[in-house]
There are 2 protein chains.
Amino acid sequence: MATIVPISGDVSPLIQTRGNRLLAALSRDDAAMISPYLEPVSFAVGDYITRAGAPIESLCFFEQGIAGVLDSLDNDRRYAVGLLGAEGFVGWPLLMGDDRSPYDVTMRAEAGRALRIPADKLLAAIEQSATLRTTLLRFTHVFMLQMGRTIVSSLAHSIERRMARWILLYHDRVRADEICMTHEEFRLMLGVRRSSVTDALHRLEEEQAIRAVRAKVLVVDRAKLMALAGDTYGLPEQEYARLLE
Amino acid sequence: MATIVPISGDVSPLIQTRGNRLLAALSRDDAAMISPYLEPVSFAVGDYITRAGAPIESLCFFEQGIAGVLDSLDNDRRYAVGLLGAEGFVGWPLLMGDDRSPYDVTMRAEAGRALRIPADKLLAAIEQSATLRTTLLRFTHVFMLQMGRTIVSSLAHSIERRMARWILLYHDRVRADEICMTHEEFRLMLGVRRSSVTDALHRLEEEQAIRAVRAKVLVVDRAKLMALAGDTYGLPEQEYARLLE
DNA sequence: CAGACTTGGAACGGTTTCGTACAGAAACGT
DNA sequence: ACGTTTCTGTACGAAACCGTTCCAAGTCTG
């Protein structure tokens with residue numbers, strides 16, 4: 001069941017290499033500056049990387065797994081505002097002059113592996129190196145673009161089309177066509193009731209874009225998903241490539 | 001018609017002083033570094049400050065007026081992803097290592113006045129001063145928080161409640177209880193059809209939260225609007241106060 | 001003043017989505 | 001093996017929202 005399935009259709013523009021892509025993009029000097037402080041950590045699905053309101057004590061550069069960035073309303077329901085994997089890191093508010101995390105960040109879909117660095121070490125490093133700082137800020141910027149597209153997507157598109165987008169975002173961040181996602185997981189992303197998820201999944205299945213089995217989604221036709229997502233998918237990914245490669 | 005009406009109910013936490021609040025928050029040194037390059041400009045309603053995809057040649061610190069940050073889908077419809085006024089500036093992607101603007105930014109509701117600085121001058125300045133850089137990044141961070149709340153708002157709330165939120169965001173950025181907003185303006189923010197705006201406005205009027213006259217909304221009961229907006233309003237504003245004052 | 005344009009109000013049927021509730025199916029613990 | 005939990009499918013009426021169209025009222029222009 002944990003079989004690695006080759007990626008279907010077009011290849012995901014985001015995740016190609018092992019390890020964290022931001023770290024891989026660093027210059028030799030920048031990498032040398034922070035690597036002594038990087039410490040490997042792992043997370044199980046559901047684990048919290050940060051909690052809303054808590055001080056940021058360290059930053060995590062993911063090597064595997066998917067982190068969901070969640071905002072909660074009235075201490076009640078929670079909604080995803082974004083998603084990231086091995087292309088990014090968690091703790092960006094620190095670079096933006098905030099010492100607390102505004103969001104819950106939790107592992108989703110698959111277990112995570114990351115390199116963790118203490119906040120003070122990284123702050124010292126970006127004070128020294130403008131190129132390091134720029135690299136990290138560029139990722140933050142791309143994440144902001146993703147948030148922007150989440151807004152227009154939720155305003156303009158039906159549940160089915162928004163679902164296609166989220167599947168793509170997950171697909172980009174796993175190394176297989178098999179994505180572990182329960183309906184409840186989708187509910188978090190889409191902010192809809194669980195049975196609407198069921199219906200939308202069935203529609204995507206009828207269109208042969210995916211196959212859904214218990215707690216899993218199989219990407220069958222990536223091109224079809226991209227057609228459904230329209231412009232709500234793609235731009236942040238292109239910008240990542242342009243700015244960070 | 002351009003009469004200045006005193007602000008009703010609780011005072012807006014955002015705009016109290018004249019001039020740009022970020023510039024006002026700068027240290028003497030930081031201000032001295034950039035002020036030689038600041039040049040006053042004005043914009044009419046509808047004017048573009050930046051266009052999506054265009055290189056960022058200058059940054060604008062608003063002193064008056066409201067700027068809407070708009071994303072467009074399939075070169076067709078446009079949707080607002082955020083709003084800012086004299087508490088912020090336009091051109092933040094430059095600080096994040098991007099030289100192009102991802103969004104259209106246009107003047108809304110009322111004519112604008114701003115101080116403009118060439119991109120290269122500002123880049124040089126933030127290279128010199130970490131405090132200047134932090135101040136500007138903090139605003140960007142707060143803007144990101146606003147985007148996050150726009151996401152949860154559009155996922156969780158009805159048109160009426162989302163409208164209450166946008167009215168508050170506008171209210172904070174004008175110096176009166178009179179806000180110039182056509183139904184078409186709301187349509188842009190809410191991503192709904194124009195007649196839904198009409199209906200929602202009527203409901204808010206019935207509840208005595210606002211009064212709507214042609215092309216204008218009068219804030220009558222700010223507390224009621226805040227109750228409707230719930231947690232989708234307030235946090236970014238608090239964070240602005242915490243980080244920038 | 002006359003015509004053009006912008007803004008707002010109302011109505012239609014149709015679709016999407018909601019809230020809720022219930023039941024079957026698969027996985028899990030013991 | 002058994003009960004329990006998790007995940008999924010389905011159904012119901014109700015509400016929200018949609019696209020569209022038409023018209024009235026206000027504003028602007030010449």
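Here is the naming used below: chain letters follow the sequence lines, and residue numbers restart at 1 for every chain.
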Looking at D:dG9, I'd like to know if its phosphate oxygens (OP1 or OP2) sit under 4.0 Å from a side-chain N or O belonging to A:H183. yes
Would you say A:S153 and A:R161 are linked by a side-chain donor-acceptor pair, where the criterion is simply a distance under 3.5 Å? no
The criterion is side chain to side chain donor-acceptor pair (under 3.5 Å); which residues satisfy it with A:R78, sequence neighbours excluded? A:Y48, A:D104
In chain order, what residues pass the side chain to side chain donor-acceptor pair (under 3.5 Å) check against B:S58, with sequence neighbours excluded? none
All side chain to side chain donor-acceptor pair (under 3.5 Å) counterparts of B:E110, not counting sequence neighbours: none
Does a side-chain N-to-carboxylate-O contact under 4.0 Å join A:D172 and A:R222? yes
Restricting to salt bridge (Lys or Arg N to Asp or Glu O under 4.0 Å), what partner residues turn up for A:E39, sequence neighbours left out? A:R116
The answer to which of A:L201 and B:G191 contacts DNA chain D further toward the 5' end, by nearest nucleotide, is A:L201
Could you pull out the protein-nucleic contacts involving nucleotides 21-23 of chain D (nitrogen or oxygen on both sides, under 3.5 Å)?
none

Thinking salt bridges, do B:E87 and B:R173 make one under a 4.0 Å N-O criterion? yes
What is the ring orientation for B:F61 with B:F89, classed by angle as parallel under 30°, tilted 30 to 60°, or perpendicular over 60°? parallel
Expressed in angstrom and rounded to an integer, what is the separation of A:M181 atom CE from D:dT6 atom P? 19 Å
When we call it a touch if two heavy atoms are under 4.0 Å apart, what does B:I159 touch: a base, just sugar-phosphate, or nothing? sugar-phosphate
Side-chain contact check for B:R214: nearest option of D:dT20, D:dT8, D:dA25 is D:dA25
Identify the 5'-most and 3'-most nucleotides of DNA chain C with at least one atom closer than 4.0 Å to a non-hydrogen atom of chain B. C:dT6 to C:dA11
Would you mind classifying the nucleic acid contact of B:R203 as base, sugar-phosphate or nothing, using non-hydrogen atoms under 4.0 angstrom? nothing
When B:L155 and B:R193 are each assigned the nearest nucleotide of DNA chain C, the 5'-most assignment goes to B:R193
Touch class at under 4.0 angstrom, heavy-atom based, for B:V192 against every strand present: sugar-phosphate
